[in-house]
Amino acid sequence: MDKYVIHGGKRLEGAVDISGAKNAAVAILPAVILADSPCRIENLPDISDVKTLNYILGQMGAEIEYLDRHTVLIDPRPINTDGVCADEARSMRASYYLIGALLGRYQRASVPLPGGCNFGVRPIDQHLKGFEALGCTHSLDGGGIISVSAEDGLHGANIYLDVRSVGATINIMLATVKARGLTIIENAAREPHVVDLANFLNMMGADILGAGTDTIKIHGVQKLRGADYSIIPDQIEAGTYMVAAAATGGDVTVRNVTPKHLESISAKLAEMGVAIEEGDDSVRVYNKGPLHRCTVKTMTHPGFPTDMQPQITTLLSVVPGTSMVIESIFDTRFKYVDELRRMGAEITVDGKMAIIEGVNKLKGAPVKALDLRAGAAMVIAGLIAEGTTQVENIQYIERGYETIVDKLAHLGADIYLKQEPDREIAKLG
Ligand code: EPU
């Protein structure tokens with residue numbers, strides 16, 4: 001029952017250091033399974049999704065040694081199973097990357113169907129379509145375990161993705177990197193974490209061309225060796241602090257970032273009247289005057305990311321005029337709007353569109369983090385609200401934001417973690 005308690009109304013000022021990218025880390029850790037010697041991964045974010053994946057790899061036999069808080073040495077050689085039974089795998093979306101990585105190593109894999117943030121149906125048909133094209137069959141057992149195997153080994157193929165799926169692009173790359181022949185993924189996702197995984201695999205000896213464009217070519221290789229690799233900065237964590245700075249009328253330098261990855265977010269904030277100054281690896285965000293309403297449509301990269309949608313909607317809830325946010329990636333990613341309404345926001349949702357009438361201020365209230373980014377949005381709402389906001393369900397937020405309370409407090413926010421005994425456990429105990 002831990003919660004964040006926020007007394008709103010403080011301007012954020014100063015500098016914040018951004019951690020390694022969650023969605024790159026959760027692809028790169030499974031990729032280590034493909035190596036035939038140890039890998040050293042740096043700039044790993046200290047978040048619960050990473051801890052869960054390392055736990056699962058450890059259960060499978062990998063030797064894992066943390067050299068410091070953000071650097072891990074993983075020896076995948078002792079892994080002795082093509083199956084994942086840890087229940088933990090059900091708790092996160094990215095556990096499906098274990099399918100691709102195990103297929104690459106053993107040509108078969110059994111993994112619990114993935115969980116993750118709940119914003120509508122999240123099918124994996126494009127992953128399975130890719131695996132089938134590579135020579136695999138699959139079956140689902142009663143326990144929710146999906147088994148995929150290639151009797152005659154995996155071979156290259158031309159795969160056209162019907163939707164530009166990040167997960168399918170990454171999973172197919174993992175499965176095919178050691179397959180026979182050439183694989184071409186068309187209509188591939190272009191997100192920075194897709195490129196980061198390709199760079200890591202290429203450092204291991206893979207032959208991948210075109211990551212970051214919509215056509216990726218993978219020539220299968222026989223062996224991949226261990227590599228030392230530093231994960232890219234987290235685009236969405238950076239964007240979240242940028243929006244928090246703008247929302248509080250603050251002046252924040254977001255450091256350790258790749259400004260190019262932030263362009264769609266910077267451009268939208270600039271359109272609203274926020275001042276953005278890009279450095280080599282930093283972005284300064286401050287307000288020059290009142291902000292203007294705008295329209296935001298989420299798109300695949302390099303468009304405005306869906307993972308920034310709840311945060312920008314929250315900012316727009318206190319910008320004068322009528323703004324519009326269109327969610328074009330996920331079907332039901334506006335559930336958190338009910339929580340914002342409890343704080344006084346005036347937002348109407350019609351299918352994939354939110355119409356926002358900017359109000360003067362939000363009012364503090366007890367709210368819930370309904371998923372990771374919706375949780376980040378509740379924190380931003382608490383920072384700008386009058387009075388006290390308590391954000392519950394913070395385990396979602398801790399899946400993807402490293403030390404968010406400390407980072408915000410360092411910027412001047414009045415926020416703390418309130419730890420309370422879990423009433424359910426207390427009752428049972
Ligand atoms: N889709 C299909 N079939 C598939 C796969 C996807 O129809 O086989 C659809 C989805 O339902 C969705 C769209 O395609 O409508 C895009 O889904 P995608 O596969 O790109 O999403 P994902 O791989 O499940 C990753 C991130 C999400 C992020 C999305 C979109 C990871 C672990 N997760 O999810 O991150 O929202 O891409 O960019 O990389 C987050 O970090 O908070 C988060 C949810």
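On a predicted model such as this, the values are computed, not experimentally measured, just so you know. Just follow the structure's listing: the first ligand is 1, and inside any ligand the first atom is 1. In this chain, numbering begins with 1 at the start of the sequence shown.
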For residues 212-219, dump all side-chain donor-acceptor pairs below 3.5 Å to protein atoms at least two apart in sequence or in another chain.
from: T213; atom 1: OG1; to: G210; atom 2: O; distance (Å): 2.7
from: T213; atom 1: OG1; to: T215; atom 2: N; distance (Å): 3.2
from: T213; atom 1: OG1; to: T215; atom 2: O; distance (Å): 3.0
from: T215; atom 1: OG1; to: E186; atom 2: OE1; distance (Å): 3.1

Heavy atoms only: which of I124, I329, L161, V166 lies closest to atom 37 (O) of ligand 1?
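The residue whose heavy atom sits nearest atom 37 (O) of ligand 1 is V166.
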
Option set A24, P123, A168, criterion heavy-atom distance to atom 5 (C) of ligand 1, minimum:
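Closest candidate by heavy-atom distance is P123.
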
To the nearest 0.5 Å, what is the distance between CG on L113 and OG on S95?
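OG of S95 is found 8.5 Å from CG of L113.
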
Is a donor from one side chain sitting under 3.5 angstrom from an acceptor on the other, for D196 and Y229?
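Judged by distance alone, the side chains do pair up.
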
Do T313 and Y336 meet the criterion of a side-chain donor-acceptor pair at a distance under 3.5 Å?
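Per modelled atom types, T313 and Y336 side chains form a pair under 3.5 Å.
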
Could you check, using the six-membered ring where one of them is a Trp, whether F131 and H138 have ring centers closer than 6.0 angstrom?
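Aromatic pair excluded; centres sit 6.0 Å or further apart.
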
With T298, which residues qualify under side-chain contact (heavy atoms from CB on, under 4.5 Å), at least two apart?
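Listed in chain order: F304, T306, Q309, E327, S328, I329.
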
E420 versus D2, closest heavy-atom pair with distance
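Scanning both residues completely, I find the closest heavy atoms to be N-OD1, 3.4 Å.
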
Looking at every non-hydrogen atom in both residues, tell me the closest pair between T240 and A376 and how far apart they are.
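The pair with the smallest heavy-atom distance is CG2-CB, 4.0 Å.
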
For ligand 1, is [X] a contact, meaning one of its heavy atoms is under 4.0 Å away?
X: Y396; result: no
X: R333; result: yes
X: G400; result: no

For ligand 1, is any non-hydrogen atom under 4.0 Å from [X]'s backbone (N, CA, C, O), its side chain (CB onward), both, or neither?
X: L128; result: neither
X: L372; result: side chain
X: D125; result: both
X: S165; result: both
X: Q126; result: both

Kindly confirm or rule out an N or O of [X] lying under 3.5 angstrom from an N or O of ligand 1.
X: H193; value: no
X: V163; value: no
X: E191; value: no

Taking only heavy atoms of [X] into account, list the atoms of ligand 1 that are under 4.0 Å away from them.
X: G167; answer: 19 (O), 23 (O)
X: Y96; answer: 22 (P), 23 (O), 24 (O)
X: H127; answer: 8 (O)
X: K22; answer: 40 (C), 41 (O)

cation_pi(R69, Y66) dist<6.0 Å, angle<=45
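Cation-pi check for R69 and Y66: fails.
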
Are E132 and K129 ion-paired here, with the side-chain N under 4.0 Å from a carboxylate O?
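No, E132 and K129 are not salt-bridged.
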
Quick check on K297: does its NZ atom have over 12 non-hydrogen neighbours (other residues, nucleotides or ligands) under 6.0 Å away?
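No.
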
